[in-house]
Amino acid sequence: MLQLTSSVIYLVSLLKSRTTQGIVTFTRSTFHQMWFYNLGIHIVAKNIDQTVFCTWTEDQASRGSSEIFSCLLRVSEVEASLKEKDHLIIWTDSCAGQNKNFLMICLYQYLVQRDHFKTIDHKFPEVGHSYLDSDRAFGRIEKRLRKHQTICTPEEYREVIASSSKKNLVINMENHFRNTEDLPQKMKLLNRKKNLLKEKIHFRDGIKWIHVDEFVSYLYKESYDLCVPFLKVNIRKSVASIDTLPRDFYIPRHLEKTGSLSQEKIENLKEQLCFVPDQHKWFFEQILFERRESGNDD
């Protein structure tokens, strides 16, 4: 039975890309909209019932595994309610590009090695049964959004998210995305395709449950049955690799934005700028300025 005194559950969902500037409805044209990303993490533990929303815009970063990695790491670092929890349980869908990949295993290796948690379990619901409590929180946000005729900036959107429930905490992910390029190599970890029994790992389509409780290995099974034994995977890069990370090991933040806007979206942004209220124009003017400075504005 789950002991909530020492365990915490993350129910993680990424809201379908939502527009920021495209919500402004001053004209009837069809716009190439700029997207606002919102990763909801519903945290459940003893005396804890809270949803944390990690938010960013399309020009700041994309919505792949590195961004999900950064959000989960940020929440684990700043959420005070997690400090005394030993066991993290994560439920997400099985999207390989975001949640079900080796980079996430590297994150769990890092969190266990750094004593954020002693054990981490990541479970993937059956396809078609992935509706989570964080999705319910998104529904409340959408209901609140319908009361707003226009939303011009990400900050306005964050205010709507925060006001939709007293349990909501909103994090602006600007300046908190980590550089995960070559992270497995830096951690001296290798994404092996076979377990210790020399059996092929059907990672994307087979795994239902991942368990991490030590560095340089992970366990997995292809069912939720407690009676089915886990299979072990050694991810140590070489025999000479150490069983711990150096004390000064650090996953650096990106110093620049990694997202991008298509030229079509930039052109639409220019066309709509005259309709944006003066107090909000600075946000879009800044994007256009950065585009010109980067030399990408045709």
Side-chain angles (χ1 to χ4, degrees), residues 10 12-21 33-41 52-79 82 90 92 95-114 116 120 122 153-155 157-158 161 169-189 191 245-263 265-266 269 282-297:
Y10 284 4
V12 183
S13 300
L14 181 67
L15 179 65
K16 182 181 179 181
S17 308
R18 182 75 186 184
T19 55
T20 51
Q21 187 259 353
Q33 299 169 332
M34 184 173 69
W35 299 113
F36 180 89
Y37 299 132
N38 184 11
L39 184 75
I41 304 172
V52 179
F53 294 95
C54 297
T55 62
W56 67 100
T57 50
E58 181 183 7
D59 66 307
Q60 292 175 338
S62 184
R63 53 172 179 171
S65 59
S66 184
E67 287 74 26
I68 306 301
F69 177 109
S70 299
C71 291
L72 292 175
L73 179 57
R74 183 61 180 162
V75 170
S76 298
E77 289 177 335
V78 304
E79 182 51 45
L82 306 179
I90 299 177
T92 72
C95 176
Q98 295 174 345
N99 308 316
K100 200 175 188 181
N101 51 71
F102 189 65
L103 185 59
M104 299 308 294
I105 289 181
C106 291
L107 170 62
Y108 305 150
Q109 296 284 313
Y110 177 82
L111 291 176
V112 168
Q113 178 64 31
R114 284 292 184 261
H116 286 273
I120 297 176
H122 190 165
T153 65
E155 200 53 46
Y157 202 119
R158 294 184 180 104
I161 296 172
L169 172 66
V170 184
I171 296 177
N172 181 354
M173 283 299 295
E174 184 178 13
N175 302 321
H176 296 302
F177 288 110
R178 302 302 181 108
N179 185 352
T180 60
E181 185 177 3
D182 300 326
L183 182 61
Q185 292 89 328
K186 293 175 182 176
M187 296 179 70
K188 301 187 184 306
L189 301 176
N191 185 13
L245 291 173
R247 287 187 177 183
D248 60 350
F249 185 85
Y250 176 71
I251 306 174
R253 286 173 167 79
H254 278 292
L255 300 179
E256 298 179 352
K257 294 180 178 181
T258 58
S260 62
L261 295 176
S262 67
Q263 188 60 35
K265 291 187 178 184
I266 289 294
L269 193 156
W282 66 270
F283 173 72
F284 305 104
E285 290 172 343
Q286 182 180 20
I287 292 175
L288 294 175
F289 174 78
E290 292 173 351
R291 180 86 171 190
R292 288 193 299 270
E293 287 293 297
S294 67
N296 294 323
D297 195 7

Determine the minimum heavy-atom distance between [X] and [Y], stating which atoms define it.
| X | Y | answer |
| --- | --- | --- |
| Phe102 | Pro184 | CE2-CB, 3.9 Å |
| Asn101 | Ala96 | ND2-O, 3.0 Å |
| Asn179 | His254 | CA-NE2, 3.5 Å |
| Phe36 | Pro154 | CE1-CB, 3.7 Å |

Could you list the residues that satisfy side chain to side chain donor-acceptor pair (under 3.5 Å) with [X], not counting sequence neighbours?
| X | answer |
| --- | --- |
| Ser70 | none |
| Glu290 | Lys257 |
| Gln98 | none |

Mind checking whether [X] and [Y] have side chains closer than 4.5 Å, heavy atoms only?
| X | Y | result |
| --- | --- | --- |
| Val75 | Cys54 | yes |
| Lys265 | Glu58 | yes |
| Leu111 | Ser76 | yes |
| Gln263 | Arg291 | yes |
| Glu67 | Thr258 | yes |
| Leu72 | Val12 | yes |

key: Set of residues satisfying side-chain contact (heavy atoms from CB on, under 4.5 Å) with respect to Glu77, sequence neighbours excluded   = Leu73, Arg74, His116, Arg178, Arg253
request  = Could you check Met173 against Leu39 for side chain to side chain contact (heavy atoms under 4.5 Å, CB included), going step by step and ending with a plain yes or no?
outcome  = CA-CA 10 Å; Met173 283 299 295; Leu39 184 75; over 6 Å; no
Distance in Å, [X] [atom1] paired with [Y] [atom2], rounded so as to fall on 0.5 Å steps:
| X | Y | atom1 | atom2 | result |
| --- | --- | --- | --- | --- |
| Asn38 | Arg158 | CG | CZ | 9.0 Å |
| Ile161 | Ile171 | CD1 | CD1 | 11.5 Å |
| Ile266 | Ile287 | CD1 | CD1 | 7.0 Å |
| Tyr110 | Ile120 | OH | CD1 | 12.0 Å |
| Trp35 | Leu261 | CH2 | CG | 12.0 Å |
| Leu183 | Leu189 | CG | CG | 8.0 Å |

note = Across all chains, not counting sequence neighbours, the ring-ring contact (aromatic ring centres under 6.0 Å, His included) partners of Phe177 are Trp56
key: Pairing residues for Tyr10 by the ring-ring contact (aromatic ring centres under 6.0 Å, His included) criterion, not counting sequence neighbours   = none
inquiry  = Are there over 12 heavy-atom neighbours, none belonging to Phe289, within less than 6.0 Å of that residue's CZ?
reply    = no
query = CD of Glu256: more than 12 outside heavy atoms within 6.0 angstrom?
reply =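 Result for CD/Glu256: open.
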task = Give the intermediate values and the outcome of side chain to side chain contact (heavy atoms under 4.5 Å, CB included) for residues Met187 and Phe249.
result = CA-CA 9 Å; Met187 296 179 70; Phe249 185 85; 3.5 Å; yes
